[in-house]
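What follows is one structure encoded as structure tokens, with my remarks underneath.
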Amino acid sequence: MSKGIPDKNKDFSAWYNEIIKKADLAENSPVRGCMIIKPYGYSIWEKMQSILDKMFKDSGHYNAYFPLFIPKSYLSKEADHVEGFAKECAVVTHYRLKNDENKKGLIVDPKAKLEEELIVRPTSETVIWNSYKNWIQSYRDLPILVNQWANVVRWEMRTRLFLRTSEFLWQEGHTAHSNKDEAIKETLTILNIYSSFLEEYMGIPVLKGIKSESEKFAGAVDTYCVEALMQDGKALQAGTSHFLGQNFAKAFDVQFANSNGKMDYVWGTSWGVSTRLIGALIMSHSDNNGLILPPNLAPIQIVMIPIFNSDSEYDAIINLFEKIKIGLLKLNISCKIDARKFHKPGWKFAEYEMKGVPLRIAAGPRDLEKNTLEIARRDNLKKETISLDKAEQKIKKILELIQKDILKKAKNFRDNNSHNARDYDEFKNLVKNNSGFIYAHWDGTEKTEEKIKSETKATIRCIPYDNKGKPGKCIVTGKPSKQKVVFSKAY
RNA sequence: CGGGGCGUAGCGCAGUCCGGUUAGCGCACCUGGUUUGGGACCAGGGGGUCGCAGGUUCGAAUCCUGCCGCCCCGACCA
């Protein structure tokens, strides 16, 4: 059935690439490392956007837009920030092309050199905090809760569609607060939005935690994250929320008068999720027949496929489908009738399986006779025949069930692939077998973290912050450890 | 930047070692017909600067030289 798609268990990354191609999500661009997101892939992103956007707005945030270009000097104002991003910035140096007099074609006009070079934003903290300086005078101007939907560029050496591309789409929230507690609270509010979005809509269970010093965002005091486990046992950072402390306020001199009339630096946060989430979606649920989309994110939730011998049968079935479609639309269920005559039903079945449409309805002469429909779930490939009576309600329930089952399956997978390592040997074995999340005691030093990374390729994904667990001894050095942390190989 | 691989129709490839009619196959595409409950079949058709440039030769996809591009593995990183 699964024609031309590599076996997920034999070659996971070839499987991943092929799903993207065959499900028509995206393709490579003429520029290395960039991607062309095709309509079907982009419609998934639009769904993610609309849901998250509502969640942000419901929690008091507003959208704004800051420019693509950032003066080079801005980037260098926050020391850690430069360190983290300087190596992967695209730089604009000129503003004009001209015809080459000797050869054919265009060349950069050497006369059109910019006085100050511009960088293409790898993230927007600097340009935004530069504005906040002007927006904020008093505690009465705070908090500022801004989000923007944008593209950013980070010049990557090795790229993979959706997971790591040189240009990607994301949202970046940037908030400013009058005190530390409120900023931390904001950071966690967003983390919870991310985790419930991932679980309730994407069907992906996540681990919430704090990044270690070496993994945190360049310029943050603390980076909180949601980490998900992919089907090949590797971890994926799905979203991050940074408590910036007063770092950017100090770098850009953003002060405000507090209620006592004293000047103080503003407290900041920033947070984002990107088109990488589409990669997470693919690698969490899909199988050897193609993509599997949770109903809450599927651009098409239901596809209807007619089976017919004659034109009169065709007309009758399409007619029936139109009626069902009206009923489903009333229940807010999106559906598509595939009325094409030039493809056989079997061809269409395979096509929509590849594209991950959660539920398929088929009807043919036999169904017309008996007043039934055949429905087939994408997630478990099970088929059943239901009667036309109250079909819409039944279908709605099944979609809800699919959503739950997808999450349940992913949770089971994660639980079965979470392990405790009591000593370093056991740890190494677990890593070698791609055993997912590995909980182990760590002495908290960068040195030990680095040693583990270079010897095993596993990194600290996060330090869990809600169920902290008990103190113990570091698996490498035997020094005291406050709690177990989560290691894994990661994307 | 190191190591490996590849460039031939929209896609995937054969042909290259050992030069020789008009460059071939599968998928896709177009036309007509028969089909349609799990990727239909038959017949016909369209589509190529063989990555680019130069050289050797009566003759180059094939041999030689240079260049360009892409992919994979490492170093680096969300």
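In what follows, chains carry the letters A, B, and so on, assigned in the order in which the sequence lines appear, proteins first and then strands, with residues in each chain numbered from 1.
Using atom C1' as the reference point in both B/U35 and B/A43, the two lie 15 Å apart (nearest Å). Between B/A9 and B/A14, the distance separating the two C1' atoms is 14 Å to the nearest Å. Straight-line distance between the C1' atoms of B/C41 and B/A60: roughly 41 Å, to the nearest whole Å. Taking the C1' atom of each, B/U49 and B/A23 are spaced 14 Å apart, rounded to whole Å. Here, B/G5 and B/G45 have their C1' atoms 37 Å apart, quoted to the whole Å. Between the C1' atoms of B/G7 and B/G15, the separation comes to 15 Å (whole Å). B/C13 and B/A28 have their C1' atoms separated by 14 Å, with the value rounded to a whole Å. Taking atom C1' in both B/G48 and B/C63, the straight-line distance is 23 Å, to the nearest Å.
The pairing partner recorded for B/G46 is none, the criterion being a Watson-Crick or G-U wobble arrangement whose two distances lie under 3.5 angstrom. Pair assignment for B/G26 gives B/C11, based on Watson-Crick or G-U wobble hydrogen-bonding distances that are each under 3.5 Å. Taking a pair to require two hydrogen-bonding distances under 3.5 Å in either a Watson-Crick or a G-U wobble arrangement, B/G74 pairs with B/C1. Using the Watson-Crick or G-U wobble rule with both distances under 3.5 Å, B/C67 pairs with B/G51.
Listed for the A/Thr165 side chain is no donor-acceptor partner under 3.5 Å among the backbone atoms of A/Leu161. No donor-acceptor pair closer than 3.5 Å links the side chain of A/Ser435 to the backbone N or O of A/Val431.
Side-chain rings of A/His61 and A/Trp271 approach one another, their centers coming within less than 6.0 Å. Taking the six-membered ring for Trp and the full ring otherwise, A/His81 and A/Phe248 have centroids separated by under 6.0 Å. For A/Tyr465 and A/Tyr224, the distance between ring centers is under 6.0 angstrom.
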Protein-nucleotides 26-37 of chain B N/O pairs under 3.5 Å:
unit_1 : atom_1 : unit_2   : atom_2 : d
B/U36  : O2'    : A/Phe308 : O      : 3.3
B/G37  : OP1    : A/Lys344 : NZ     : 3.2
B/G37  : O6     : A/Gly364 : O      : 3.3
B/G37  : O6     : A/Pro365 : N      : 3.1
B/G37  : O6     : A/Arg366 : N      : 2.5
B/G37  : O6     : A/Asp367 : N      : 3.3
B/G37  : N1     : A/Gly364 : N      : 3.4
B/G37  : N1     : A/Asp367 : OD2    : 2.5
B/G37  : N2     : A/Asp367 : OD2    : 3.1

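A cation-pi contact, defined as under 6.0 Å to the ring centre and within 45° of the axis, links A/Arg360 to A/Phe349.
When the side-chain nitrogen and oxygen atoms of A/Arg32 are compared with OP1 and OP2 of B/C71, one or more of them lie within a distance under 4.0 Å.
Here A/Leu163 lies in heavy-atom contact (under 4.0 Å) with a base.
A side-chain N or O of A/Lys208 and one of A/Asn192 form a donor-acceptor pair less than 3.5 Å apart.
Distance from the side chain of A/Met157 is smallest to B/C76 among B/C71, B/C76, B/G38.
No hydrogens or angles were tested; on distance alone, nothing pairs the side chain of A/Arg154 with the base of B/C77 as donor and acceptor under 3.5 Å.
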